[in-house]
Each structure stands twice: as structure tokens, then as C-alpha cells.
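Taking it in order: structure first as C-alpha cells, then the write-up.
We number each residue from 1, following the sequence as shown.
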Amino acid sequence: MKRMDLHPAAARTPNPTPDDEQLLASARRALAIEARAVEALTARLGAAFAQACRVCLDCHGRVVVTGMGKSGHVAGKIAATLASTGTPAFFLHPAEAGHGDLGMITRVDAVLALSNSGETPELVLLLPHLKRLAVPLIVMTGKTDSTLGLAASVTLDVGVSEEACPLNLAPTASTTATLAMGDALAVAVLEARGFTRQDFARSHPGGALGRRLLLHVEDLMRTGAAVPRVAPDARLSAGLIEMSRKGLGMTVVVDHDERILGVFTDGDLRRALDQQIDVHTTVMSAVMTAHARTIGPRQLAAEAVHLMEMHRITALPVSDANGRLVGALNVHDLLRAGVVCSARRARTCRTPSACWCWTWTAC
């Protein structure tokens, strides 16, 4: 079998294997350097940062974020963060821009360019075209007096005194500082826009927050023949059969116009048996819970979760504005939809007091 060529660094005779403490010391040093790099940005926030925020807020098109190499990876993340928090944005590869993708930039856009040196050739080549389009240019750079820094409408200083790399070569602290500045920009802009959890959910329909804020009761509730219901003069035995057949852990007691009169649950059954009530002669109106908790079909599924937890119940009838029965759902319907977290339901959640299942607080 032909021997595969090793990477030059891998082929080199390795140094003696470091012990655990040496590895941890290297990691601590890297984290300390990067923490200092981020902390140093606070003192540089001023009029230029506020102006960069205004450029994003005043942009009627999209914020085009660009960068080369490691800065390009950071640019992609910043573009994604902006786009998901209310500022339309996308990443543009600067090398591809010079081969046709420059057409993605329009006169109503703004450009955010990332370059530690401020001299990245692929970005510098874009300057005449950006000037021709008259789009505002925000530059994040480690050298404010560089070609890009001087050409920008707004220049943000993200320079670092040293990289976390022991050779002071690999972009580490500098990319972390740039990423942090990008997050600061996105957060300041989203707050200025009055961006809400509902807005965020609309950009994340597949996420946990989206399920909590976009799913309504009518999206999950059971309807028609799947909803357990009995008349108030029905025998308790008939009510138990209806409960068992529909599998919701309750049955709703309704009048001839389908208006909800009450519910009969597993808990009501236990109380009835404790009183030695005859299930074949007792009628549902005598054992039901009147004035039952209900929820509307257009209310959020998360509100159903909150009601269930607050009143220690596992199922809810769904009623229209006139109090008529239109559906029902239980905690298992919410579990299947991902509105209730299985860890919280199983009491194995590590942060139950702040769990998103029952509150608006992120878990």
C-alpha cells in the first residue's frame, strides 16, 4: 500500500509530549489574551461606532459583509447575526466579487469590510467600484491609517496588541475582537430597531423559540370527533368510556349548543370514587368541574403550557369567543410539537426555575 504523504508539520519529529498542566497553561494564556483583546474594545467605542449603527439603521437595502481568509469566516457569522436580528445582510466573498459577484451590491446597500491589516488586496480592489456606487463603507480593521481605513465612511478600530498564537501569526485574538465588535454592532442596532422575541422567532421558525412564539393552539389542537365530549345528563360510566376512547385524560361536558359547561378529569374521577359514587347512576353534571379553564384557538401554544403549569392540569378544552367547544389538547400534544421540553417534563431539567418550557426566559 502506498504511503500517504504527511503534512510537513506532522512529519517533523515531535517535541516531548506535554503533560496536562502544560496544555492547560497554554489554553489559559490564549483565553486571557483574547479576553484582554475584547475588553480593550470598550474604550474605543465612541462616535464612530454610533455612526456605524446609523449606517445600518438607514440602509434601505442590505448590509453586505465581506472579508478574506479568517476575516471572511468572521464576516459570514456577522452577516448571519445581522440577518437574524432584523438587519437584512449577506456575505460577499471579495475574490468572487471581482469576477462578477460585485453585481450583488446595489446603490441602496451598505458594505461592512473586515481586514486586520487594512490592506487586503481583494478588498482594496473593490474600493473604486464602491465609490462609483456611492454606498457607505464601514471598515473593521486593526490599522485605522491603512488604505481601507482611510477610504471608509466609518472606521472601527479592532486592533490587538498580540495574537493568542505563540508565534503571534495565526489570527486568533484579532478575529475574536472583530467578531465581538460585530456582535456589539448587531446588538446595538437590534435594540435601536425595537426588535422583539416575536421578530426573532419569525427568522427562526425551526428553532425552539420559533416553536414557542409562532405555534398557536389551533395548530396543535384535536378537533371534531377526536375531542371527548358528553352531555350534562350523561351517566358517569358513559363519560369514562369517552375519556378512555379519546385518550386526553378528560372529557368536556357541553350543552346542546356545544357550549362548555365543565370538564371531568382523572382527578375528578379519583374524588368521585373516594365518595363511593355509583358510576352507573350518577350524571356528569354532578361530578364535573364547572367553570373549567379553557384557551382560545388563536392563543399561543406557549400560553397553554403556562396555564397547565400554573393550574397543575394536563389538558385544556379550546373554546371560541362564545364559549363553544372547538377543540382540545393535552401536554403530550405540546411535547410532540416541541413546545414543552422533555427534560423539564421528566423533572430532569438542570435549570427548572428558568426553563423556557414554562417561562419566556431562555433555558
Side-chain angles (χ1 to χ4, degrees), residues 41 44-160 170-171 174-190 192-193 203:
L41 297 177
R44 301 178 202 161
L45 295 177
F49 181 85
Q51 182 58 30
C53 292
R54 291 193 181 91
V55 168
C56 295
L57 291 167
D58 295 339
C59 179
H60 297 294
R62 287 170 169 74
V63 176
V64 183
V65 193
T66 185
M68 197 71 187
K70 305 297 187 296
S71 293
H73 295 300
V74 175
K77 191 274 180 188
I78 293 174
T81 300
L82 288 168
S84 70
T85 54
T87 300
F90 66 89
F91 170 72
L92 174 65
H93 196 292
E96 298 294 340
H99 293 273
D101 284 2
L102 192 63
M104 295 180 178
I105 305 175
T106 70
R107 295 183 183 276
V108 294
D109 294 332
V111 175
L112 170 59
L114 279 52
S115 171
N116 187 44
S117 68
E119 302 292 346
T120 306
E122 293 85 353
L123 292 176
V124 171
L125 284 174
L126 300 182
L127 291 177
H129 307 285
L130 299 180
K131 186 175 181 180
R132 175 174 53 83
L133 290 171
V135 296
L137 171 63
I138 304 168
V139 168
M140 291 186 188
T141 180
K143 293 181 173 56
T144 57
D145 59 350
S146 60
T147 302
L148 288 171
L150 295 174
S153 309
V154 184
T155 302
L156 300 179
D157 183 2
V158 291
V160 299
S174 58
T175 48
T176 299
T178 305
L179 181 60
M181 185 65 84
D183 285 343
L185 180 67
V187 168
V189 171
L190 81 85
R193 290 188 191 281
S203 298

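What you find for Gly182 and Ile78 is that their closest heavy atoms are CA-CD1, 3.7 Å. Listed here is the closest heavy atom pair of Val124 and Gly118: CG2-O, 4.5 Å. In this structure, Thr141 and Ser146 approach most closely via the heavy-atom pair OG1-OG, 4.0 Å. Residues Val158 and Ala177 approach most closely at O-CB, 3.9 Å, considering heavy atoms. In this structure, Asp157 and Leu41 approach most closely via the heavy-atom pair O-CD2, 3.9 Å. Considering every non-hydrogen atom in both Ser174 and Thr178, the closest pair reads O-OG1, 2.8 Å.
Here salt bridge (Lys or Arg N to Asp or Glu O under 4.0 Å) pairs that include residues 123-147, with residues two or more places apart or in two chains, number zero.
Counting heavy-atom neighbours within 6.0 Å of Lys77 NZ, excluding the residue itself, gives a total above 12.
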Show, in sequence, the C-alpha distance, side-chain angles and deciding distance for Leu150 and Thr144, and conclude whether the side-chain contact (heavy atoms from CB on, under 4.5 Å) test is met.
CA-CA 7 Å; Leu150 295 174; Thr144 57; over 6 Å; no
Test side-chain contact (heavy atoms from CB on, under 4.5 Å) on Val154 and Val139; report intermediate values, then the result.
CA-CA 6 Å; Val154 184; Val139 168; over 6 Å; no
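Ser153 places no side-chain N or O within donor-acceptor distance of the main-chain N or O of Pro136, the cut-off being under 3.5 Å. Distance alone, capped at 3.5 Å, places no donor-acceptor pair between the Thr81 side chain and the Asp183 backbone. Checked by atom type and distance alone, the side chain of Ser71 never pairs as donor or acceptor with a backbone atom of Gly67 at under 3.5 Å.
Note that CG of Asn116 and OG1 of Thr175 are 8.5 Å apart. Values are rounded to the nearest 0.5 Å. Atoms CD and CG, on Gln51 and Asp58 in that order, are 8.0 Å from each other to the nearest 0.5 Å.
In this structure, Val135 and Val108 have side chains that are not in contact, with every pair of non-hydrogen atoms separated by 4.5 Å or more. Between His93 and Asp101, every side-chain heavy-atom pair lies at or beyond the 4.5 Å cut-off. Looking at heavy atoms from C-beta onward, Thr66 lies in side-chain contact with Val111 at the 4.5 angstrom threshold. Annotation: side chain of Val65 is not in contact with side chain of Leu92 (no heavy-atom distance under 4.5 Å). Here the side chains of Leu114 and Met68 are not in contact, with every heavy-atom distance at 4.5 Å or above. With contacts defined as side-chain heavy-atom distances shorter than 4.5 Å, the pair Val64/Leu112 does not qualify. Residues Asp109 and Thr106 form a side-chain contact, since some pair of their non-hydrogen atoms from C-beta on lies under 4.5 Å apart. Between Met181 and Phe49, some side-chain heavy-atom pair lies under the 4.5 Å cut-off.
Partners of Val189 by side-chain contact (heavy atoms from CB on, under 4.5 Å), not counting sequence neighbours, listed by chain and number: Cys53, Cys56, Leu57, Thr87, Leu185, Arg193.
For the 3.5 Å distance criterion, the side chains of Glu119 and Thr147 qualify, holding a donor opposite an acceptor.
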